4 protein chains.
Amino acid sequence: MSDIEPWLTELLRLNDEEEKMTDKQIKIVQAAVEIFSEKGFAGSSTSEIAQKAGVAEGTIFRHYKTKKELLLSIVAPMMTKLIAPFAVKDFTKILEADYPNVEQFLRAITVNRLEFARKHFPVIKIFMHEIPFHTELREQFKETVAVLVLEKAYKAIRHFQEKGQIIEMPAPSSMRLIASTIIGLLITRFLLAPDSEWDEAKEIDYTINFIMYGLSPRA
Amino acid sequence: MSDIEPWLTELLRLNDEEEKMTDKQIKIVQAAVEIFSEKGFAGSSTSEIAQKAGVAEGTIFRHYKTKKELLLSIVAPMMTKLIAPFAVKDFTKILEADYPNVEQFLRAITVNRLEFARKHFPVIKIFMHEIPFHTELREQFKETVAVLVLEKAYKAIRHFQEKGQIIEMPAPSSMRLIASTIIGLLITRFLLAPDSEWDEAKEIDYTINFIMYGLSPRA
Amino acid sequence: MSDIEPWLTELLRLNDEEEKMTDKQIKIVQAAVEIFSEKGFAGSSTSEIAQKAGVAEGTIFRHYKTKKELLLSIVAPMMTKLIAPFAVKDFTKILEADYPNVEQFLRAITVNRLEFARKHFPVIKIFMHEIPFHTELREQFKETVAVLVLEKAYKAIRHFQEKGQIIEMPAPSSMRLIASTIIGLLITRFLLAPDSEWDEAKEIDYTINFIMYGLSPRA
Amino acid sequence: MSDIEPWLTELLRLNDEEEKMTDKQIKIVQAAVEIFSEKGFAGSSTSEIAQKAGVAEGTIFRHYKTKKELLLSIVAPMMTKLIAPFAVKDFTKILEADYPNVEQFLRAITVNRLEFARKHFPVIKIFMHEIPFHTELREQFKETVAVLVLEKAYKAIRHFQEKGQIIEMPAPSSMRLIASTIIGLLITRFLLAPDSEWDEAKEIDYTINFIMYGLSPRA
DNA sequence: AATGAATGAGAGTTCATTCAT
DNA sequence: AATGAATGAACTCTCATTCAT
């Protein structure tokens, strides 16, 4: 694994379309992210957002027809970025070429998503809170993640199973175990203990090793 | 590990104090759980709750001074039950007597909390959604869980480390890995794939084995 | 003027019919007086009264059909007592017999109403605040005061005018000046400066002298 | 005393700052004054005010955060105007220059406050009814009236006592007698007998003479 | 593009009153 | 006589949204 993942970082630039936005619009989005993530969507008021953004109440509705549209404009692009690492065409080739073993692959994903979470934490928080309450979000998520990520992830898992690097087990179960562990790492880092001292390199090592041994083909 | 954990199941009966409640009050609580878990606290209206409960809106406020008090009356007792398995005095003794090895201990906890989640799923969902937005909830949670559960859990981890059954590693890190994996199981079962076919025994086995191998002392 | 006004004190006993009242009813009335006088009728709630009285909410309505009826049951009897000094039949005879001069008459009235106000201050306060908002109260007041008190008062004024003790002036105007001055004394004593030091005898003297000189036939 | 009191009338123009107000806001205030004075603050509903003002109920709360703020916005400025005649710096100079004798001074004050009451009667009524129930109002009133008016009034009283025009007596007592008589005049005119025939000039004469003789140095 | 006054539906909450116990 | 759970209308206040400027 190289230090920088060119194909990853490139993808992250997608949808960073805060161009074309007026000054005020950017401020609205920033304020909305802050307030939504602090109080939840339903618990936030557009007037509070307007105030924090320093714009008139009406201005919000000039750019977004409804409050919900504002939410979606924030959360939807994040989803695209979330799955970016998997949105590459020749996934198997990349596996073969760049990741001779599981560990390197897992480490790449982990480090990369850790950075992603660090950068987009508030939006991810909003997303996770709102997804149960908004059908569109859920649908969109299913379409992208289920179809794209899961498919690629299963492919990777089977790839490494075939190479005998990890134990034979239904891909969904392996996926669940790996994802739980990595997401648990992210949640611990950013939600539960955001301020505590934390030797990140060591915790990543623990995590990767845990998965590696947990999935190692039994003797 | 016996099939039934007497000291566990017993504790679970605690706080089931829905006695003294009027008929209507019970209906209010039931309706509130349903609606809160469906739309979130801020997204639910007391009038909707009243309607679903079949009572006048004023009746809600006869029993709960505010909407928030209603929320807390639902969520707070659940927290007590959540940590019940750890709220036992002679925890180490129980470890020694009932759980000669980690696997049995993990399996007991997993099965037990799986049942708990099955039973209290809607309230747990409410709890998880609201905890970021309500300081009181967060405080109460920290007081009970952090103090009680973590302490006991760390004790158990060190206990099994000393017996050489699991790898040496800071207890919080071990805890994170174990908890992530088990909670991942619960979330997959009840949130992500509630309707899908699911061979529970097998998934539990995968999960326990994953943890066991993941934490096994390296050769 | 004798120290005690027998015909006055006797009348004051009228309507002290707190007999027949149950224990709880008395407590209700006491609580109502306190709360009404503190927050006004419209600003007080029956539940607060019930609480302060130590009875159930329903109990109030067992004794008084409505909140307003409770108010009237408190205020109406006070009105009767208020005008008691004038509710005597042979008023002129009493004037002739007991009060050879204005000063004695004024002093008797002043001292007597001062005592009355001291005793019934909270109820008087309620009465004064509510009279503009309740037609019945106003009607009842007009009937008793206008018809009874004014008539008697004018008679007394004319009586002393004929005796040359006070200046010729339309009785209503004289009445206004006298009443203003005495009521001003009461308000100052009980409303504006209830806690301040106050040489009552001296203030009464000032007041009576002010009226006497103010109404003295001009040289 | 000249017919017009330039320094008085000028001051009365203060605070007539109904500029900057929207059309609707003015209507709200007008409706509020009417309804508050008719039913009292606690007895009035914002919906009724909105209806009478011909605006949506929400509009009230766009301009006034709470119902109480609406009340204060009506009553507070009136207090300033109420004490305007005394809010002049060189009060003693004015006394010397413009009022060679008490009578002229009293007449000026009386006539002026009579006009004030005529103009602001509904607001004064609201004020008098609400002052016992709102601490802020009471505090503000004490600060302005007690400090400003009383100080000036006592100064005037002592001024005329020194000139031998009125009897020696503690200033507060004199003040009480004068104020009672004048306020009695206002109340009679506007509250008790608003519709009756009333020879105002004559009643003012009676009143002034009553005070003059009542306070004349005894022979 | 931006404003902010205005809206009216609906929010949470209070309240006088009723009624079964 | 007394209770207190229940009611539903009314209350104050909030909110997303509209629209004239």
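Just so you know, these numbers come straight off a predicted model, no measurement behind them. The sequence lines fix the lettering, A, B, ..., with proteins before strands; numbering per chain opens at 1.
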Measure the shortest side-chain to side-chain distance between B:Ile126 and B:His129 over non-hydrogen atoms and say whether it is less than 4.5 angstrom.
no
Is F:dA5 paired to anything, Watson-Crick or G-U wobble with both distances less than 3.5 Å, and if yes, which nucleotide?
E:dT18
Atom NZ of C:Lys27 to atom P of F:dA1: distance rounded to whole Å?
17 Å
Between E:dA2, F:dT17, E:dC15, which nucleotide gets closest to the side-chain atoms of A:Lys67?
F:dT17
Output the single nucleotide from F:dA16, E:dT3, F:dT7 whose closest atom is nearest the side chain of B:Thr59.
F:dT7
Quickly work out the B:Phe61 CZ to E:dA11 P distance and round it to whole Å.
11 Å
I want to check something: taking the side chain as every heavy atom from C-beta on, are B:Lys67 and B:Phe41 in contact at a cut-off of under 4.5 Å?
yes
Whole Å only: how far is the CD1 atom of A:Ile26 from the P atom of E:dA1?
14 Å
Length of the line joining A:Lys68:NZ and F:dC15:P, which is rounded to integer Å
19 Å
When rounded to whole Å, the OH to P distance for the pair D:Tyr64 and E:dA5 reads 12 Å
Less than 4.5 Å apart, any side-chain heavy atom of B:Leu191 and any of B:Phe121?
yes
Using whole Å, what does the distance between atom P of nucleotide E:dG12 and atom CD1 of B:Ile49 come to?
8 Å
